[in-house]
Structure formats: C-alpha cells, structure tokens
Q: 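Take a look at this one; I'll ask things after.
No hydrogens, no waters, no symmetry mates; every other heavy atom, side chains included, goes into these values. Owing to the predicted nature of the structure, the values given are computational and were not obtained by experimental measurement.
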Amino acid sequence: AFATAGESNPKLFNKIGDHVTRLDSIDLFNSQNLSNTAWAYATARVFHSRLFEKLVTEAVAKKDHFESQPIANFLWACATV
C-alpha cells in the first residue's frame with residue numbers, strides 16, 4: 001500500500017525486510033509474491049540487500065513458474081534498486 005500510494009518509509013521497509021529474512025520462509029513465496037515484494041521495494045526506492053538476495057535466489061529456483069508480467073516486474077524491480 002505504501003508503494004502504491006507513492007510513499008516511502010525506509011525504516012518500515014527495512015524492518016519488514018529484516019523480519020522476512022530472519023524467518024527463512026521465502027521458499028513459501030510463489031512467483032507473484034516474489035514479484036510483488038520486489039516491486040514494492042523498488043517503487044518505494046528502498047534497497048534491502050539481504051532480502052533481494054533471497055528474492056533473487058528464490059526467483060531463480062522458481063523461474064519456470066513465472067508468467068511474463070510478474071517476471072518483467074521482478075526484473076524491473078531488480079534493475080531499479
């Protein structure tokens with residue numbers, strides 16, 4: 001919602017990124033979840049290196065499950081941050 005509204009709250013995004021990376025549950029994300037998460041961070045202009053490392057690793061593992069729009073959004077997000 002923050003990213004869609006054009007709001008950036010780096011402290012909030014970093015806390016969320018820290019939480020998600022500590023949970024070690026990114027393998028439960030489907031391709032749309034991976035894409036949406038990366039897109040939200042890029043749109044908010046927040047780069048969380050550990051989170052993106054995990055997102056990219058999981059996206060590569062699930063590359064055969066991505067539709068064209070989510071992969072395009074994911075790649076745009078990676079290039080933007």
Q: Hey, does T37 have a side-chain heavy atom less than 4.5 Å from the side chain of F74?
A: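 A side-chain contact under 4.5 Å is absent here.
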Q: Please identify each residue that fulfils salt bridge (Lys or Arg N to Asp or Glu O under 4.0 Å) with K62, with sequence neighbours left out.
A: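 If we apply the salt bridge (Lys or Arg N to Asp or Glu O under 4.0 Å) test to K62, skipping adjacent residues, the hits are E58.
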Q: Which residue is it: V81, T21, T57? I am looking for the one with a side-chain contact (heavy atoms from CB on, under 4.5 Å) to F52.
A: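 In the set V81, T21, T57, the residue that makes a side-chain contact (heavy atoms from CB on, under 4.5 Å) with F52 is V81.
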Q: Rounded at 0.5 Å granularity, tell me how far OG in S31 sits from CD in Q69.
A: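 The distance works out to 12.0 Å.
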Q: Enter the distance from F13:CZ to R45:CZ here, rounded to the nearest 0.5 Å.
A: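 Going from CZ on F13 over to CZ on R45, the span is 12.5 Å.
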Q: Shortest non-hydrogen contact from S35 to P70?
A: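 For S35 and P70, the tightest heavy-atom pair comes out as OG-O, 2.9 Å.
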Q: How long is the straight-line distance from CG of L51 back to CD1 of I26, given to the nearest 0.5 Å?
A: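 Those atoms lie 5.0 Å apart.
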Q: Does a side-chain heavy-atom distance below 4.5 Å link C78 with V56?
A: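 Yes - at least one pair of side-chain heavy atoms lies under 4.5 Å apart.
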Q: Kindly compute the distance separating CG (L34) from CZ (F66), expressed to the nearest 0.5 Å.
A: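 With rounding to 0.5 Å, CG (L34) is 5.0 Å from CZ (F66).
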Q: Would Y41 and F47 count as a close aromatic pair, with their ring centres under 6.0 Å?
A: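 No, the ring centres sit 6.0 Å or more apart.
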Q: Provide the closest heavy-atom pair for A77 versus A38 in the form atom of the first, atom of the second, distance.
A: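 Looking at all heavy atoms of both residues, the closest pair is CB-O, 3.3 Å.
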Q: Supply the atom-to-atom distance R22 CZ to H19 NE2, rounded to the nearest 0.5 angstrom.
A: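 One finds 7.0 Å between CZ of R22 and NE2 of H19.
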Q: Roughly how far apart are N36 CG and N73 CG, rounded to 0.5 Å?
A: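 So the CG of N36 and the CG of N73 are separated by 8.0 Å.
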Q: So H48 and I16, side chain to side chain contact (heavy atoms under 4.5 Å, CB included) or not? Walk me through it.
A: CA-CA 10 Å; H48 190 288; I16 292 168; over 6 Å; no
Q: Determine whether a donor-acceptor pair (N or O, by modelled atom type, separation under 3.5 Å) exists between the side chain of T80 and the backbone of A42.
A: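 No, T80 side chain to A42 backbone: no donor-acceptor pair under 3.5 Å.
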